[in-house]
Amino acid sequence: MASAISYILFLSIFSSAFALGKAQPRQSNISLDTSLRPTANPTSWQSPNGRFAFGFYPEGTGFSIGIWLVASPENSTVIWTADRDEPPVTKDAVLKLTNEGLKLLLQHSEGRLISNLSTGNDASSASMLDSGNFVICDSNFNVIWETFDNPTDTIMAGQVLLAGSELVSSLSGTNHSSGNFHLIMQKDGNLVLYPVASPDTPGDAYWASGTNGDGSLSLYLDDKGWLYLHLGNVTSNLTSGYRYGTPLVYRATLGVDGIFRLYSHDLELNTQQVLKEFPEVTDPCEVQGTCGLNSYCTSANGQVVCMCLPGFDYLDTNRTSSGCRRNITTAAGCYLGNDNMTYMSTLESVIWMVDPYGAPLSVTSKEDCGEECLKDCNCDAALFSDNTCRKLVFPLRYGKTDDSTTTFIKLVNISAGGTPVSSQAESPAAAPVTTIRRKFSAKILTVSAAIIACIISSLAALIFFFHRYRAGRYRRLWRNKEPALVDEIAPRPFSYHELREATDGFKEEIGKGAFGTVFKGTLHCGQRILAVKKLEKVVDEGEREFRTEMRTIGRTHHKNLVRLLGFCDEGTNRLLVYEYMSNGSLADLIFKADGHPGWDERVRIVLDIARGIHYLHEECETRIIHCDIKPQNILMDDNWTAKISDFGLAKLLMPSETRTFTGIRGTRGYLAPEWHKNVAITVKADVYSFGIVLLEIVCCRKNMELKAEEDAIILLDWVHNCFMDGELEKLVPDEVDMTELNRLVKVGLWCTQSEPGSRPSMKNVVTMLETNVDISLPHPPGFSS
Ligand SMILES: *[C@@H]1O[C@H](CO)[C@@H](O)[C@H](O)[C@H]1NC(C)=O
Ligand SMILES: *[C@@H]1O[C@H](CO)[C@@H](O)[C@H](O)[C@H]1NC(C)=O
Ligand SMILES: *[C@@H]1O[C@H](CO)[C@@H](O)[C@H](O)[C@H]1NC(C)=O
Ligand SMILES: *[C@@H]1O[C@H](CO)[C@@H](O)[C@H](O)[C@H]1NC(C)=O
Ligand SMILES: *[C@@H]1O[C@H](CO)[C@@H](O)[C@H](O)[C@H]1NC(C)=O
Ligand SMILES: *[C@@H]1O[C@H](CO)[C@@H](O)[C@H](O)[C@H]1NC(C)=O
Ligand SMILES: *[C@@H]1O[C@H](CO)[C@@H](O)[C@H](O)[C@H]1NC(C)=O
Ligand SMILES: *[C@@H]1O[C@H](CO)[C@@H](O)[C@H](O)[C@H]1NC(C)=O
Ligand SMILES: *[C@@H]1O[C@H](CO)[C@@H](O)[C@H](O)[C@H]1NC(C)=O
Ligand SMILES: CC(=O)N[C@H]1CO[C@H](CO)[C@@H](O)[C@@H]1O
């Protein structure tokens, strides 16, 4: 592999350069225009002591460029790979040192710079150092680029993992692309291991050094085998040091299995030894992320088997650790009035990461826990242990065996005769799976065509198809090591810098609201689109309050609420990161001049909004009053599901906790009358705004239309008059079901009562919209705002 000539040359230049580490090499001698080829000599450049080589090594059917620890040829250890996620190159590739840096020349192409390093045109020589560091120098022998600054999965003695940087494991022993785990030297001083496919919250971590709060420490490995965290006068040792002076080489590598190990190599005897492991576990399932989303980990004799939840199938049957997705025959969701379609499947002795969306419930029996989830539209699964029931939403993470816990999974049976859980029975390692049916019914339901249509159009099914057709993209994101946002549960902190990059310097403005300006942004090379809201006018309540508020908003999980993905609070910069809603706002939809959604669509949208507000008012852990419900704040996603945005922010604008507002927060036309009086604002203010929005959707017009005939200028008065005169058909631009119209108008008029106490709760609103309960005649509106 090595060129004997250059080896001898180097040997004469560096007598003992082992301790040089990152010091300037005074006599580098890979000069410009020197080149390497995968199969013709030289294939690599060796360090003077012969321990390290930089060059082409075989990977898959081609070659990668990297650094390895030279042992007997079969078991050399790769410690660094250039552009690890690029495909391997063929044997006609040429690697050449040019003044721009290392250039990889491929046949039929311009060639590319390795690792996109831009050394300007200053590169003048390069050197493979005895420490394992490959450096490029300018004409004054200053190091302008080095591999030690760009680690992959390994640090060597003399190398530092700076605060804010990370190691990412390899995919396998023979494939050095980015794998499934990362070790982050966090800026809070904590060294933490997380699965790559996670939002990196404390619950995702499977090991941490516990040194948070010690400032921006860096991780060092020194040539005695000491591994420690250090900054200024703070030092925290992770190991206690090993042998010195002998021909040992130390390295610390984040393994394919997610364990960070310190090794020593004796190159003379050609042996290696593991000195220390982080974390020290006997069961590989303790490493979170060993199995992907919606699958749980079982192990026997150190062999890991990943099992799907009942009703789920592997994303990739050839890589069972990549996680599972719902099988279409069991796609769950919320089927109002068709509860007979859903049932709870139980999975014994498996525990998951607990991130419940509501407070834990106290229940008397296991079955009650399943029932609680079955009754709750938003519940996908429930965990029962110690008479406590915790409701969860998919995806479930980090499943592993735990004898005291039972998992309930909500499934839907739409394939008559289908047996959605049968696939589980095949595996010997499967935990016992049984099924309980909803208690109140033993009869088999005859499924009408209407129900099927309803189910198929339901969100759950759409989500399934969405996943199915984007499966390629989903998996690619996974490999690209940043799918964290895809199924994120908790909002994660972003740096200002990150968001400025994502939005290309806050270039594309997509909206402006009471709280600030919204910009479009992208992450992961344009694969993930975001809406980034820059808050203005926010009361400076300090970082802690802001974060508390973000957590509250982040804990809301409802299909009719826009999901908060993350936030940033650096200095005076306060930004919120939301999922991007591709179909604009409800205002665009209903007020546009050409065409409006059909009646059924409109009814569905009204119900979507009502459910979202109901959740904010009554179902989430902390009650949230929106204060600014209006069509501009209701956004439409890819599937035309209406989602409420901007919730939970009113509080950030208000200095006092008492909720006695000093100024009016909402938008004219949607404001409840009590805003103009000096009384406390309650959830009923939202009910009023909702009523106005409902009427706007029904009539496809704004609440104030100056161009309309005089008695129709103010929507609320006009609706009331038409209602009293029995002329409802005048209100709608199209032919609609008059009973439904009558019902919606009544709900709208009840919601807009001037007396807050007379307005129904959102819970009642949802019931009135969903069922055929009788609705009494509303009083005339006192006045309209
Ligand atoms: C390594 O794995 C990645 C992702 O599965 C794949 O694209 C690549 O071709 C693999 N490389 C080799 C050398 O097999
Ligand atoms: C290198 O930079 C180019 C253009 O800036 C970019 O398209 C490419 O993805 C980069 N490659 C890597 C491996 O970062
Ligand atoms: C470390 O230095 C800081 C200031 O430089 C000082 O406040 C602190 O007490 C020192 N800590 C220790 C443990 O010496
Ligand atoms: C920590 O490691 C350093 C070497 O880096 C050593 O000098 C020191 O004694 C160690 N401290 C402890 C408490 O082990
Ligand atoms: C290299 O392989 C031999 C046998 O295949 C083994 O005994 C030795 O420990 C290995 N050395 C390293 C450094 O992995
Ligand atoms: C799984 O592997 C088999 C054989 O190696 C291959 O034919 C099949 O296409 C693979 N399936 C997927 C989903 O990659
Ligand atoms: C469930 O099915 C039973 C029997 O078919 C029926 O009486 C009951 O009304 C159904 N429940 C619901 C909520 O549809
Ligand atoms: C699904 O429904 C069919 C017919 O309605 C029934 O035969 C079957 O047992 C059900 N499967 C489950 C798991 O409930
Ligand atoms: C869904 O489950 C059924 C029954 O277990 C199975 O036959 C089918 O292949 C599964 N569908 C997918 C997409 O895996
Ligand atoms: C110090 C030293 O060995 N320098 C050599 C570097 O390489 C060039 C060309 O390969 C030689 O001319 C120098 O003598």
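Index from 1, following the sequence. Just follow the structure's listing: the first ligand is 1, and inside any ligand the first atom is 1.
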Legend entry - N/O separation below 3.5 Å, E59 to ligand 1: no
Inset, instruction - Tell me, please: is P87 in heavy-atom contact with ligand 1, that is, under 4.0 Å? - result: no
Legend entry - Element-labelled atoms of ligand 1 that are located less than 4.0 Å from some non-hydrogen atom of L171: 2 (O), 3 (C), 4 (C), 5 (O)
Legend entry - Close-contact set for ligand 1 against N175 heavy atoms, below 4.0 Å: 1 (C), 2 (O), 3 (C), 8 (C), 10 (C), 11 (N), 12 (C), 14 (O)
Inset, instruction - Determine, for cysteines C297 and C285, whether their SG atoms are under 2.5 angstrom apart. - result: yes
Legend entry - Which of the ligand 1 atoms, numbered from 1, are nearer than 4.0 Å to a heavy atom of G60: 13 (C)
Legend entry - Reference residue I259; test side-chain contact (heavy atoms from CB on, under 4.5 Å); the match among L193, V281, V274: V281
Legend entry - Location of contacts on T174 toward ligand 1, heavy atoms closer than 4.0 Å: neither
Legend entry - NZ/NE/NH1/NH2 to OD/OE distance under 4.0 Å, E579 and R563: no
Legend entry - Proximal atoms of ligand 1 relative to P88 (non-hydrogen, under 4.0 Å): 13 (C)
Inset, instruction - State yes or no: are the ring centers of Y57 and H176 separated by less than 6.0 Å? - result: yes
Legend entry - Parallel, tilted or perpendicular, as decided by the 30° and 60° cut-offs, for the rings of W45 and F134: parallel
Inset, instruction - Look at the side chain of S170 and the backbone N and O of V256, then say whether any donor-acceptor pair between them is shorter than 3.5 Å. - result: no
